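Every heavy atom of this structure was used, including side-chain atoms; hydrogens, water molecules and symmetry mates were not. Protein chains get the first letters and strands the later ones, always in sequence-line order, with residue 1 at the start of each. Since this is a predicted model, take the numbers as computed values, not measurements.
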Protein chains: 2
Amino acid sequence: MAYGNALACLADPTRRRIFERLRSGPAPVGIVARGLPVSRPAVSQHLKVLKEAGLVNDRPEGTRRVYYIDPDGLGELRAWLDQFWTAALESFKQEIEAEAPNRARRKP
Amino acid sequence: MAYGNALACLADPTRRRIFERLRSGPAPVGIVARGLPVSRPAVSQHLKVLKEAGLVNDRPEGTRRVYYIDPDGLGELRAWLDQFWTAALESFKQEIEAEAPNRARRKP
DNA sequence: ACTTACGGTAAGCCATGGCTTACGGAAATG
DNA sequence: CATTTCCGTAAGCCATGGCTTACCGTAAGT
């Protein structure tokens, strides 16, 4: 149920912006914070949560830590969504079929 | 930015359970509430949010309303994730390459 | 028409969590 | 060794939102 954590992470707008920033390549905390309307500690806390969810990873580089996207968490999320996708289409198809010829089904 | 609403919706555990319940087929509110540890009004409120996010839709059937999964919201979410997927792999690949031969890059 | 079943809405309570400021620690630089 | 830079953590404030109970509208059954 790791996709739950991933979903909870990406639900926050600020965390999404951080995540999208990292999409264009690895970056240290300060650089990420620059360009966001929140303080640097806030970004640090967000990155911690993102890391615990398996969505990012980090690597020390001198006095700074470079963060980058980790495909693991993203993969689980994708798998969960895909598993949903087919069932959703099936259910929706049944629904359409039940809705259109409805006039002849309820009270002939 | 509709995927933001969809993510916020699916971030809630109860809402996920409702959504997963609907995956096995359309169901009225009462049936969904039965089997969940929350009250029926709570389920009603959740379904309202899910509907506003384009994740579910409903159809009146006598005195009850049948809810079913709407592929629209799910599709947007999927598109957003996919757009992320390739970039994530790319970034991660660069990261791996930057990490392994690191000893020879920093201080020769 | 009366009753029953079903579900949406309102008001209110309370926990969760995101943000800030302040502090402390580690690594490069001189 | 001193200084500067960069980052993580702690404490605290406050808004958000999820849940409950209570109420009302609507549709079917008798």
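Using a 4.0 Å heavy-atom distance criterion, B:Pro28 is classed as a sugar-phosphate-only contact.
In this structure, B:Lys48 atom NZ and D:dC19 atom P are separated by 15 Å, rounded to whole Å. Atom CG of A:Leu36 and atom C1' of C:dG18 are 14 Å apart (whole Å). Atom CD of A:Gln45 and atom C1' of D:dA10 are 10 Å apart (whole Å). A straight line from NZ of A:Lys51 to P of D:dG8 spans 9 Å, rounded to a whole angstrom. Residue A:Arg65 contributes atom CZ, which lies 11 Å from atom C1' of C:dA26 at whole-angstrom precision. The distance between atom CZ of B:Arg16 and atom P of D:dG18, rounded to the nearest whole Å, is 12 Å. Counting to the nearest Å, the C1' atom of C:dG18 and the CG atom of A:Leu10 are 16 Å from each other. Atom CZ in A:Arg40 sits about 14 Å away from atom P in C:dA22, given to the nearest Å.
The side chain of A:Thr63 contributes no N or O atom lying less than 4.0 Å from OP1 or OP2 of D:dC7. An OP1 or OP2 oxygen of C:dC6 is reached within less than 4.0 angstrom by no side-chain nitrogen or oxygen of B:Tyr67. A sub-4.0 Å separation between OP1 or OP2 of D:dC19 and a side-chain N or O of B:Thr14 is present. In terms of phosphate contacts, A:Arg15 brings a side-chain nitrogen or oxygen within less than 4.0 Å of OP1 or OP2 of C:dG18.
The side chain of A:His46 has C:dC19 as its nearest neighbour among C:dC19, D:dC6, D:dT21. Comparing D:dC19, C:dG7, D:dT9 by their closest approach to the side chain of B:Ser44 singles out C:dG7. Out of C:dT21, D:dC7, C:dG8, the shortest distance to the side chain of A:Ser39 is found at C:dT21.
One distance of note links CZ of B:Arg17 with CG of B:Leu22; it measures 13.5 Å at 0.5 Å rounding.
Exactly one residue among A:Arg40, A:Arg64, A:His46 makes a side chain to side chain contact (heavy atoms under 4.5 Å, CB included) with A:Val29. That residue is A:Arg40.
A salt bridge between B:Arg78 and B:Glu76 is absent, with no side-chain N of the basic residue lying under 4.0 Å from a carboxylate O of the acidic one.
In terms of heavy-atom proximity, A:Leu10 sits nearest to B:Leu7 at O-CD1, 3.6 Å.
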Go through it in stages, so that I can follow the logic: the residues are B:Tyr67 and B:Arg21, the test is side-chain contact (heavy atoms from CB on, under 4.5 Å), and I'd like the CA-CA distance, side-chain angles, deciding distance and then a yes or no. CA-CA 10 Å; B:Tyr67 281 83; B:Arg21 168 63 184 81; over 6 Å; no
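Residue order along DNA chain C, read from the 5' end via each residue's closest nucleotide, puts B:Pro41 first among A:Val38 and B:Pro41.
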